[in-house]
Amino acid sequence: MIEISDLIYTWQNHERPTLQIKQLQIGDGEKVFLHGPSGSGKSTLLGLLAGITPIQQGSIKVLEQSLEKLSSAKRDRFRADHIGTIFQNFNLLPYLSPLENVTLGCEFSPKRRQKACAERNNVTAQAHHLLNALGLDGSLLSRSVSALSIGQQQRVAAARAFIGQPEVIIADEPTSALDADTREAFITTLFEQAKKYQATVIFVSHDKSLSHLFDRKISLPSINEANL
């Protein structure tokens, strides 16, 4: 699913690389826990994997596509079609309802819209199904998303990431504002959805207490030669 080779990334005006990863492979359907302290390059790596940040040196392949060979516009299209992201601060639009926030995941990708419609009659019906599956009460689906609790907003963000069955789910510290019991319950629900669609999950956190829930644990400092 993901293959990194000879990756080097240096931020502007920095003398040393932030990331220097010789080799990393992540398989189809794997649930990977990526951890490291603040400043270790986690967010930089996620930006590169998602095609948000252009690759300076080396190669990242996602679904056999070399991201370094794509233009900025083609990386945006690839991300819209194949990668769902759950952001740390969720990045929901406060003036939209939960349903509208979730269906937004298909607005930029005809491919994901087609998949959502194939699973249910239309995108809204699939958004409704995902929100229910992730535990959001039906009475909340038409409210402003800004009226929801943190935990409820988290479920909306997860449903938006999953709609249209993207092959890769990137979760960037999505449980940092939750208590321990709620964190574990959310991750379990996340995995249930990922299993349905055979999605690969890359979950980034500094909280190592969650690592036992995952198939594989990767310490970024241990594979990042820039830290050596």
Side-chain angles (χ1 to χ4, degrees), residues 1-89 91 105 108-109 111-112 161-162 164-174 176 190 194 197-208 210-211 214-228:
M1 180 64 72
I2 295 170
E3 183 177 355
I4 297 175
S5 302
D6 300 318
L7 179 69
I8 299 176
Y9 188 86
T10 306
W11 284 104
Q12 190 174 9
N13 299 324
H14 285 212
E15 292 183 4
R16 296 186 59 190
T18 298
L19 287 176
Q20 189 170 346
I21 299 174
K22 183 68 175 176
Q23 194 77 25
L24 177 63
Q25 293 183 333
I26 297 173
D28 292 2
E30 268 198 286
K31 303 175 189 68
V32 175
F33 183 83
L34 180 67
H35 62 93
S38 178
S40 62
K42 298 190 301 295
S43 294
T44 301
L45 179 57
L46 292 188
L48 291 163
L49 287 172
I52 297 170
T53 305
I55 296 166
Q56 296 172 340
Q57 205 172 328
S59 173
I60 295 179
K61 286 185 178 180
V62 180
L63 292 165
E64 300 298 325
Q65 174 62 63
S66 298
L67 298 186
E68 71 277 5
K69 295 180 180 179
L70 299 180
S71 66
S72 177
K74 288 183 177 179
R75 289 199 311 273
D76 289 345
R77 168 56 60 198
F78 185 86
R79 180 171 62 255
D81 286 344
H82 301 291
I83 299 174
T85 304
I86 308 173
F87 299 95
Q88 182 174 2
N89 297 319
N91 288 5
F108 306 103
S109 174
K111 183 185 292 287
R112 286 174 67 176
F162 275 111
Q165 304 177 27
E167 292 90 341
V168 179
I169 300 294
I170 293 175
D172 185 7
E173 299 272 10
S176 58
L190 192 72
Y197 307 122
Q198 293 299 303
T200 296
V201 176
I202 303 171
F203 188 101
V204 173
S205 179
H206 65 275
D207 184 359
K208 294 182 184 178
L210 300 171
S211 65
F214 292 78
D215 299 333
R216 182 179 172 196
K217 297 169 279 292
I218 299 175
S219 166
L220 183 54
S222 71
I223 63 169
N224 184 11
E225 295 179 7
N227 292 329
L228 300 179

Please name the pair of heavy atoms, one in Ile86 and one in Ala161, separated by the smallest distance, quoted to 0.1 Å. CG1-CB, 3.7 Å

Run the side-chain contact (heavy atoms from CB on, under 4.5 Å) test on Ile202 and Ile2 for me, step by step, so that the C-alpha distance in whole Å, both residues' side-chain angles and the decisive distance to 0.1 Å come before the verdict. CA-CA 10 Å; Ile202 303 171; Ile2 295 170; 3.3 Å; yes

How far does OG1 of Thr10 sit from CD1 of Ile8, to the nearest 0.5 angstrom? 7.0 Å

Give the C-alpha distance, both sets of side-chain angles, the deciding distance and a yes or no for side-chain contact (heavy atoms from CB on, under 4.5 Å) between Ile83 and Leu49. CA-CA 9 Å; Ile83 299 174; Leu49 287 172; over 6 Å; no

Check: Leu24 and Leu7 side chains under 4.5 Å, non-hydrogen atoms: no

Nearest 0.5 Å please: distance from the CD1 atom of Ile4 over to the CD1 atom of Ile60. 5.0 Å

Decide yes or no for Val204 and Leu45: does some side-chain heavy atom of the first lie under 4.5 Å from some side-chain heavy atom of the second? no

Separation of Asp172 CG from Phe203 CZ (nearest 0.5 Å): 9.5 Å

Show me the pairs that pass salt bridge (charged side-chain N to carboxylate O under 4.0 Å, His left out) and involve residues 64-76, at least two apart or across chains. Asp76-Arg79

Please collect all salt bridge (charged side-chain N to carboxylate O under 4.0 Å, His left out) contacts where either partner lies in residues 19-28, sequence neighbours excluded, each pair once. Asp6-Lys22

Look at the rings of Tyr9 and Trp11 and say which category their plane angle falls in: under 30° parallel, 30 to 60° tilted, over 60° perpendicular. perpendicular

In sequence, state the C-alpha distance, the side-chain angles, and the governing distance for Lys217 and Lys208, and then conclude on side-chain contact (heavy atoms from CB on, under 4.5 Å). CA-CA 9 Å; Lys217 297 169 279 292; Lys208 294 182 184 178; over 6 Å; no

Minimum-distance pair of heavy atoms, taken over all atoms of Arg112 and Ala80: CD-O, 2.8 Å

Would you say Thr85's side chain and Phe87's backbone share a donor-acceptor pair under 3.5 angstrom? no

If we check side chain to side chain donor-acceptor pair (under 3.5 Å) with Glu173, which of these qualifies: His206, Lys42, Gln88? His206

Donor-acceptor pairs are to be reported for all side-chain atoms of residues 29-37 against protein atoms at under 3.5 Å, with residues two or more places apart or in another chain.
residue	atom	partner	partner atom	Å
Glu30	OE1	Gly27	N	2.7
Glu30	OE1	Arg216	NH1	3.2

Asn224 side chain to Ile21 backbone, donor-acceptor under 3.5 Å: no

Verdict with reasoning, Gln65 to Leu70, per side-chain contact (heavy atoms from CB on, under 4.5 Å): CA-CA 9 Å; Gln65 174 62 63; Leu70 299 180; 3.4 Å; yes

Rounded distance [0.5 Å steps], OG in Ser205 versus CG in Leu210: 5.5 Å

Atom CD in Glu167, atom CG in Leu63: separation rounded to 0.5 Å? 5.0 Å

Ile169 and Pro166 have their tightest heavy-atom pair at CD1-CG, 3.8 Å

Would you say the side-chain atoms of Arg16 pair up with the backbone N or O of Ala226, donor to acceptor, closer than 3.5 Å? yes

Separation between CG (Leu67) and OG (Ser59), nearest 0.5 Å, reads 8.0 Å

